[in-house]
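Right, one structure below, let's go through it.
The analysis underlying the following values was restricted to heavy atoms, covering all of them including side chains, and did not include hydrogens, waters or symmetry mates. For reference, positions follow the sequence shown, starting with 1.
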Amino acid sequence: MNRTVAFVGLGHMGGPMAANLARAGHRVLGHDLAPEAVEAAGRAGAEPAGSVTAAVREADVVISMLPAGRHVLDLYDEALTAARPGTLFVDCSTVDVADARTAHERARTAGMRSLDAPVSGGVVGAEAATLTFMAGGGEEEFTEARPLLEAMGRRAVHCGGPGAGQAAKICNNMILGVSMIAVSEAFVLGESLGLSHQALYDVASTASGQCWALSVNCPVPGPVPSSPANRDYRPGFAAALMAKDLRLAAGAAKAGGVHTELGTRAAELYAEYAEGAGGERDFSAIVGTIRERSGEVT
Ligand code: NAD
């Protein structure tokens, strides 16, 4: 069934996601604060909408893909009064679990339905429609959103009630951030012991050290030709975004009194790295910092 979808936030992720919805035959009304993003979405099959109200007033579903929780809550304040009662709001941005729950609550109070549905897969996944969606909210809302999510991605997992999608996202990325640092430390330790990158890779990738950070996104050039390390660490998944997700995870852990020692340290290391020149590089480039701190030349 083709739907009328308001899509707000047409940046690196939202632009191609909106284009994939239009390609699948849905009517997409695209809005962004940046006029050039709206124009690009227009060229990719969306109808340009000059305001939030113009985008949402005829929509069956409102999808947002914004930088952070405060942008989502600001959008909801405006959009919830302009949309038709019962409209389904699907926020795909990565935001704080508490902000996601607030957004759900505001939607419910305004007579709307809602899901949080953050993604993993990055810009490449957004362009190729191979994203994974992690959804939080009601079963009925998930079932209704599913065909739209599947037009933008390969997999949609219903993780539980309001905020459960964001919870899954930050827990997953905490594993990823910690494991990338662990893999990077192992390569630098191996270098100092005279072990070649290939030898360590050949052992660890088929032994108990195996993980995505090693076998797909390997932080040193050579063993995995498609990893960002082979193209001067062009992302991929930018270190600034990893720093953001780890900050959200560390904040949630602190709020809940959960002792995530490695997750919290990974958040600190990525924050330092992303503040410097590294923010735009793939997050695997943190191996260079470990090497520098170990007194070796990068
Ligand atoms: P981006 O900065 O490229 O895009 C955000 C867009 O939102 C911009 O075009 C901006 O103009 C627009 N915007 C901001 N405030 C607005 C408002 N009030 N109304 C309308 N438009 C507004 O960011 P992105 O890389 O597309 O990321 C979007 C979200 O996806 C973030 O929450 C990010 O954490 C998450 N995410 C990104 C990636 C990635 O690889 N880029 C991967 C997974 C998740």
**Asked** P221 and A229: which non-hydrogen atoms are nearest, and at how many Å?
**Response** N-CB, 3.6 Å

**Item:** Pairwise side-chain contact, S179 with W212, heavy-atom cut-off 4.5 Å (strictly under)
**Value:** no

**Asked** Closest approach of R101 and P162, non-hydrogen atoms and distance?
**Response** NE-O, 3.2 Å

**Item:** Side chain proximity check, I170 to V97, heavy atoms < 4.5 angstrom
**Value:** yes

**Request:** Begin with the C-alpha distance, continue with both residues' side-chain angles, and end with the deciding distance and a verdict on side-chain contact (heavy atoms from CB on, under 4.5 Å) for S120 and M134.
**Result:** CA-CA 8 Å; S120 119; M134 297 149 253; 3.6 Å; yes

**Asked** So, does T206 use its side chain to make a donor-acceptor pair with the main chain of D202 at under 3.5 Å?
**Response** yes

**Request:** Check the pair Q198, L200 against side-chain contact (heavy atoms from CB on, under 4.5 Å), reporting the backbone distance first and the verdict last.
**Result:** CA-CA 6 Å; Q198 191 66 47; L200 176 55; over 6 Å; no

**Prompt:** Backbone N or O of G86 within a donor-acceptor pair of the R113 side chain at under 3.5 Å?
**Reply:** yes

**Prompt:** Would a 4.5 Å heavy-atom cut-off, applied to side chains only, mark F237 and M180 as touching?
**Reply:** no

**Prompt:** With under 30° as parallel and over 60° as perpendicular, where do the rings of F187 and H197 fit, or are they tilted in between?
**Reply:** perpendicular

**Fill in**
What one should report as the nearest heavy-atom pair of P219 and V287 is O-CG1, 3.4 Å

**Asked** Do L176 and L246 share a hydrophobic cluster, counting only Ile, Leu, Val, Met, Phe, Trp and Tyr and linking them when any side-chain heavy atoms are less than 4.5 Å apart?
**Response** yes

**Message:** Do M112 and L115 sit in one hydrophobic cluster, given that two such residues count as connected whenever their side-chain heavy atoms are within less than 4.5 Å of each other, even indirectly?
**Reply:** no

**Prompt:** Are any of the side-chain heavy atoms of E141 and L88 separated by less than 4.5 Å?
**Reply:** yes

**Request:** Could you tell me whether E144 and R3 make a salt bridge, using a distance below 4.0 angstrom between a side-chain N and a carboxylate O?
**Result:** yes

**Item:** Heavy-atom pair with the smallest gap, counting every atom of P228 and N217
**Value:** CD-OD1, 3.6 Å

**Prompt:** In the single-linkage hydrophobic clustering (I, L, V, M, F, W, Y; side-chain heavy atoms under 4.5 Å), do Y201 and L195 co-cluster?
**Reply:** yes

**Hydrophobic cluster membership, V38 vs M65, 4.5 Å side-chain cutoff** = yes

**Message:** I'd like to check H26 versus T4 (side-chain heavy atoms, cut-off strictly below 4.5 Å). Are they in contact?
**Reply:** no

**Request:** Assess whether side-chain contact (heavy atoms from CB on, under 4.5 Å) is satisfied between R281 and D232, documenting all intermediate values.
**Result:** CA-CA 8 Å; R281 309 185 88 193; D232 199 24; 3.3 Å; yes

**Complete:** One should read off an interatomic distance between T94 OG1 and K169 NZ, to the nearest 0.5 angstrom, of 4.0 Å

**Request:** Assess the side chains of D245 and N172: does a donor N or O sit below 3.5 Å from an acceptor N or O?
**Result:** no

**Message:** If you count every heavy atom of other residues, nucleotides or ligands that lies below 6.0 Å from R70 atom CZ, does the total exceed 12?
**Reply:** no

**Message:** I'd like to know if E150 and R155 make a salt bridge, using a cut-off of under 4.0 Å between side-chain N and carboxylate O.
**Reply:** no

**Item:** Residue pair T87 / V62, side-chain heavy-atom distance below 4.5 Å
**Value:** yes

**Asked** Does E272 come within less than 4.0 Å of R293, counting only side-chain N to carboxylate O?
**Response** yes

**Criterion side-chain contact (heavy atoms from CB on, under 4.5 Å) on V183 and C211, from CA distance to verdict** = CA-CA 9 Å; V183 168; C211 61; 3.7 Å; yes

**Asked** What about L149 and M17, same hydrophobic cluster or not, with Ile/Leu/Val/Met/Phe/Trp/Tyr joined at side-chain heavy-atom distances under 4.5 Å?
**Response** yes

**Item:** Greater than 12 external heavy atoms within 6.0 Å of R234's CZ
**Value:** no

**Message:** Quick check for you: to the nearest 0.5 Å, what is the distance between C92 atom SG and F133 atom CZ?
**Reply:** 5.0 Å

**Request:** Compare all side-chain heavy atoms of R27 with those of L29 and state whether any distance is below 4.5 angstrom.
**Result:** yes

**Message:** What I want to check is whether the side chains of S64 and D91 have a donor and an acceptor closer together than 3.5 Å.
**Reply:** yes

**Message:** Restricting to non-hydrogen atoms, name the atom on L21 and the atom on I63 that form the minimum distance, rounded to 0.1 Å.
**Reply:** CD1-CD1, 3.8 Å

**Prompt:** Judged by atom type as modelled, is there a donor-acceptor pair below 3.5 Å linking the side chain of S196 to the main-chain atoms of A199?
**Reply:** yes

**Message:** Measuring only between side-chain heavy atoms, which start at C-beta, is D32 closer than 4.5 Å to F7?
**Reply:** no

**Message:** Does H71 have more than 12 heavy atoms from other residues, nucleotides or ligands lying within 6.0 Å of its NE2?
**Reply:** yes

**Request:** Fit a plane to each ring of H158 and F142, take the angle between them on a 0 to 90° scale, and name the class: parallel (under 30°), tilted (30 to 60°) or perpendicular (over 60°).
**Result:** parallel

**Within 6.0 angstrom of E268 CD, more than 12 heavy atoms from elsewhere** = yes

**Complete:** Residues N2 and A24: closest non-hydrogen pair is OD1-O, 4.1 Å

**Request:** Decide whether N230 and S227 meet the rule of one side-chain donor and one side-chain acceptor closer than 3.5 Å.
**Result:** yes

**Asked** Say you draw a straight line from CG of N20 to CE of M152; how long is it, rounded to the nearest 0.5 Å?
**Response** 8.5 Å

**Asked** Could you give the distance from OG (S93) to CG (L75), rounded to the nearest 0.5 Å?
**Response** 8.5 Å

**Fill in**
The reported gap from OG1 in T109 to NE2 in H104 (rounded to nearest 0.5 angstrom) is 12.5 Å

**Fill in**
Rounded to the nearest 0.5 angstrom, the CD1-OH distance for I181 and Y273 is 11.5 Å

**Request:** Keeping the roles fixed (side chain from S192, backbone from L189), state whether a donor-acceptor pair exists under 3.5 Å.
**Result:** yes

**Message:** Side chains of Q210 and S215 only: does a donor on one sit below 3.5 Å from an acceptor on the other?
**Reply:** yes

